[in-house]
Every structure is written in C-alpha cells, then in structure tokens.
Novice: 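What follows is a single structure, and I will ask about it in a moment.
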Amino acid sequence: MRSTPAGRFGPTELRLAMAAPRPATGLVSEWRLVDGLRTHTRRSEDPGTGAPPVVLVHGLAVSHRYLTPLAVALAATHQVYVPDLPGFGLSERPRSAYDVRRHAEHLAAWLAAYRLPPVCLLGHSFGAEVAASLAASHPDTVRALVLAGPTSDPAARSRRGQFGRWLVDTLHEAPLQAPILVRDVWNARPWRVLATLSHSVRNAIEADLVRVTAPTLVVAGRRDPVAPAGWRDEAARLANGDLVVVPGAAHNVATTAPTAVADAIRRLLSSTLTKR
C-alpha cells in the first residue's frame with residue numbers, strides 16, 4: 001500500500017467542471033447514439049504518445065463534471081473519455097433507472113461505438129461497481145482497472161447505511177463541489193438517484209471483483225467514510241490488486257486529488273507494460 005498527498009478543489013476547478021458542453025482546457029463534448037440513447041461524452045485530444053486511452057466512469061447522482069479535474073491531469077499523456085451514464089449529466093434520460101449490469105452493458109456498447117482498443121478503466125464510487133461489472137463480463141475491453149472509493153461496503157449495504165456515510169463525507173469534502181452536485185442531481189432527477197442507490201446496495205460487487213483478470217488498483221482517500229479502510233483493503237484483496245491511499249482526501253478522491261490519482265494510473269499502466 002502506498003500513500004500520496006491530496007490536492008485542492010477551488011474556483012478554477014469548479015469553472016472547468018461546469019464548462020460542458022463548451023470546449024475548455026482541451027476538453028470537448030460530443031454525443032453518440034448508443035443502444036438507442038443519445039449519450040454525452042467529454043473527451044480530450046489524442047496527445048500522440050501511443051499510451052492506452054483512459055475511460056473515467058462517474059459515480060451515483062453525479063456526472064462527468066466530478067471527473068473533469070482528473071481528465072485534465074491525464075490529458076498530457078493519454079486520450080481521456082468521460083461518458084455520462086444513461087440518465088445522468090448531459091446524456092439522454094431513459095424512463096427507468098438502470099441497474100449496475102445494464103449500465104455496464106451500455107458502457108460496453110459505448111466502447112464498441114468508439115471502436116476503442118482495450119482501455120484503462122477507472123470507476124469512482126458507484127462507477128466502480130459499473131467498471132468492475134464491465135471488466136468481469138467483457139475482459140477483452142479492459143487493459144487495466146482502477147476502482148476509486150468503490151461502493152458498497154457490505155458493512156453498510158443499505159440505503160440508510162450508504163446515505164449516512166455520505167452525509168459524514170460531506171463534512172470532509174471541498175465546499176465548492178456543492179454546485180456541481182446540485183446541477184447533477186437536477187439533471188438526473190432525485191427519483192433516479194434514489195432508484196440507482198437501491199440498485200447499488202443490491203449489487204454484490206464482490207462477485208465481480210473475484211472475476212476480474214485485468215491488473216487492478218484500488219485508490220481511496222484516507223478520510224473516506226464511504227469506502228473505509230477495512231472495505232478498501234478487502235476490495236483490493238478480492239481483485240488481487242494493489243491499494244493506494246491519499247492521506248488528505250475523502251470519498252471524492254478523483255475530484256480533489258486528481259494529480260495523485262493520475263500518477264497512480266500512470267504507474268499502474270507502466271507496470272503492465274513492463275510485465276508484457
């Protein structure tokens with residue numbers, strides 16, 4: 001296990017996160033029809049390094065906006081894609097809330113639509129459940145897997161348990177993340193957020209973690225009450241992966257510590273290339 005310092009989330013990061021669909025700092029928005037849904041993606045340009053593309057999957061109630069700082073931190077060395085899951089962000093809203101498996105299948109169809117080679121896939125929070133499901137069911141699409149603050153800990157696998165931990169987490173997060181959350185919940189609609197939370201707590205991510213064959217890394221904030229120490233250790237063990245802990249960060253580690261997470265991703269990909 002390695003420790004690495006956290007960063008900050010200030011007005012500059014907030015403006016960048018809220019910029020879509022306008023171009024900003026090398027990031028652009030585009031839409032493609034995927035499984036009948038107009039799906040929004042925020043992406044960077046190809047830096048021409050030959051490095052594998054990185055796909056970032058957002059968590060519950062939020063969107064690409066939370067992962068924009070990490071996309072920018074990675075863009076110098078990797079082409080980065082940040083899709084909005086169905087019903088979230090700027091993607092089309094289906095009539096019902098997708099469960100983990102359906103989100104994973106949509107993401108598989110999205111990868112096929114973009115004709116991407118095997119990618120480095122990062123999922124944050126609920127997005128880690130989706131990423132683990134995709135890596136387990138479509139192993140040929142995932143070159144490396146990163147689980148940032150994965151949900152949900154079996155010790156609090158209920159809507160009340162997860163919501164209670166999330167309330168504690170808000171005490172440790174940067175206050176300027178609040179406008180993003182308000183925008184994202186409005187885009188998704190509160191009923192979809194609650195329905196997706198119900199899907200999350202009924203999903204046993206452990207069953208997917210033990211089936212993952214790609215090199216895996218679990219990244220978490222040391223102050224994260226949603227993915228506490230015991231659970232993140234167990235998640236890394238089940239996936240036969242490594243663990244990186246960011247001392248100053250809470251649950252939104254990919255948002256508030258983008259440089260630390262980007263460096264961890266680069267180390268993971270460098271080690272996979274060395275082993276080949």
Side-chain angles (χ1 to χ4, degrees), residues 20 27-60 62-64 66-68 70-71 74-75 77-94 98-148 150 196 199 203 205 208-209 211-217 239 241 254 261-262 265-266 268-269 272-273 276:
L27 300 179
V28 297
S29 285
E30 60 188 24
W31 284 261
R32 292 196 182 185
L33 196 64
V34 179
D35 274 353
L37 292 178
R38 193 167 179 262
T39 302
H40 171 259
T41 301
R42 196 73 166 158
R43 67 166 178 83
S44 67
E45 296 298 321
D46 186 347
T49 60
V54 179
V55 175
L56 310 178
V57 184
H58 64 79
L60 175 68
V62 294
S63 72
H64 74 276
Y66 264 75
L67 295 173
T68 300
L70 178 57
L74 286 164
T77 52
H78 298 266
Q79 186 163 28
V80 186
Y81 298 81
V82 196
D84 283 330
L85 295 173
F88 296 92
L90 302 179
S91 285
E92 185 177 349
R93 294 191 292 270
Y98 284 10
D99 63 12
V100 172
R101 296 292 181 268
R102 198 167 181 189
H103 274 305
E105 290 304 316
H106 186 90
L107 191 56
W110 177 91
L111 288 169
Y114 273 86
R115 298 183 178 180
L116 293 178
V119 302
C120 175
L121 181 66
L122 176 140
H124 173 249
S125 195
F126 173 74
E129 296 182 58
V130 176
S133 178
L134 177 65
S137 57
H138 298 275
D140 56 317
T141 67
V142 180
R143 181 171 184 166
L145 178 66
V146 182
L147 307 172
T196 307
H199 288 312
N203 175 62
I205 187 176
D208 289 324
L209 292 178
R211 296 169 54 212
V212 171
T213 57
T216 300
L217 177 68
V261 177
I265 291 171
R266 293 187 182 103
L268 173 65
L269 289 173
T272 64
L273 290 172
R276 287 191 166 192

Novice: Would you confirm whether the ring centroid of His58 sits within less than 6.0 angstrom of the ring centroid of Phe88?
Specialist: yes
Novice: Heavy atoms only: give me the nearest Ala144-Leu268 pair and the separation to one decimal.
Specialist: CB-CD2, 3.8 Å
Novice: Does any part of the side chain of Trp31, heavy atoms only, come nearer than 4.5 Å to the side chain of Leu90, both counted from C-beta?
Specialist: yes
Novice: Could you check if a side-chain atom of Ile265 sits within less than 4.5 angstrom of a side-chain atom of Val261, using non-hydrogen atoms only?
Specialist: yes
Novice: Are any non-hydrogen side-chain atoms of Thr216 and Leu147 less than 4.5 angstrom apart?
Specialist: yes
Novice: Please name the pair of heavy atoms, one in Pro94 and one in Pro86, separated by the smallest distance, quoted to 0.1 Å.
Specialist: CD-C, 3.8 Å
Novice: Report yes if some heavy atom in the side chain of Leu107 is under 4.5 Å from a heavy atom in the side chain of Leu121; otherwise report no.
Specialist: yes
Novice: Rounded to the nearest 0.5 Å, what's the gap from CZ on Arg38 to CG on Asp84? Could you check?
Specialist: 12.0 Å
Novice: Do any pairs count as a salt bridge (charged side-chain N to carboxylate O under 4.0 Å, His left out) and have a residue in residues 100-111, sequence neighbours left out, and if so which ones?
Specialist: Arg101-Asp208
Novice: Checking Tyr98 now: which residues fulfil ring-ring contact (aromatic ring centres under 6.0 Å, His included) with it, not counting sequence neighbours?
Specialist: His103
Novice: To the nearest 0.5 Å, tell me how far Asp99 CG sits from His199 NE2.
Specialist: 5.5 Å
Novice: Between the side chains of Thr68 and Arg42, is a donor N or O closer than 3.5 angstrom to an acceptor N or O?
Specialist: no
Novice: If we only count heavy atoms from C-beta on, is the Phe126 to Val100 side-chain gap below 4.5 Å?
Specialist: yes
Novice: Report yes if some heavy atom in the side chain of Leu70 is under 4.5 Å from a heavy atom in the side chain of His124; otherwise report no.
Specialist: no
Novice: Verify side chain to side chain contact (heavy atoms under 4.5 Å, CB included) between Leu85 and Thr196, making sure each step is shown before the conclusion.
Specialist: CA-CA 11 Å; Leu85 295 173; Thr196 307; over 6 Å; no
Novice: Start with the C-alpha distance between Val146 and Cys120, add both sets of side-chain angles, then the distance that settles side chain to side chain contact (heavy atoms under 4.5 Å, CB included), and finish with yes or no.
Specialist: CA-CA 8 Å; Val146 182; Cys120 175; 4.2 Å; yes
Novice: To the nearest 0.5 Å, what is the distance between NE2 (His40) and CZ (Arg32)?
Specialist: 12.5 Å
Novice: Counting C-beta onward and ignoring hydrogens, is there a side-chain heavy-atom pair between Ser91 and Leu37 closer than 4.5 Å?
Specialist: no
Novice: Measure the spacing between CD of Glu45 and CG of Leu27 and express it to the nearest 0.5 Å.
Specialist: 9.5 Å
Novice: Less than 4.5 Å apart, side chain to side chain, heavy atoms only: is that true for Val28 and Arg43?
Specialist: yes
Novice: Would you confirm whether Arg143, through its side chain, and Pro52, through its main-chain N or O, come within 3.5 Å as a donor-acceptor pair?
Specialist: no
Novice: What heavy-atom pair brings Leu134 and Ala108 nearest, and what distance separates the two atoms?
Specialist: CD1-CB, 3.6 Å
Novice: Can you name the closest pair of heavy atoms from Ala20 and Ser29 and give their distance?
Specialist: CB-OG, 3.6 Å
Novice: Please report the shortest heavy-atom distance between Ala128 and Ile205, naming the atom on each side.
Specialist: O-CD1, 4.2 Å
Novice: Is it true that the side chains of His106 and Thr39 contain a donor and an acceptor less than 3.5 Å apart?
Specialist: yes
Novice: Test Val55 against Tyr114 for side chain to side chain contact (heavy atoms under 4.5 Å, CB included), laying out the working first.
Specialist: CA-CA 11 Å; Val55 175; Tyr114 273 86; over 6 Å; no
Novice: Let's go through Leu116 and Trp110 carefully: what are the C-alpha distance in whole Å and the side-chain angles of both, what is the deciding distance for side chain to side chain contact (heavy atoms under 4.5 Å, CB included) to 0.1 Å, and is it a yes or a no?
Specialist: CA-CA 9 Å; Leu116 293 178; Trp110 177 91; 4.0 Å; yes
Novice: With Ala109, which residues qualify under side chain to side chain contact (heavy atoms under 4.5 Å, CB included), at least two apart?
Specialist: Val34, Asp35
Novice: Could you tell me whether the side chain of Ser44 and the main chain of Val80 form a donor-acceptor pair under 3.5 Å?
Specialist: yes
Novice: Which heavy-atom pair separates Pro83 from Leu56 by the least distance, and what is that distance?
Specialist: CD-O, 3.3 Å
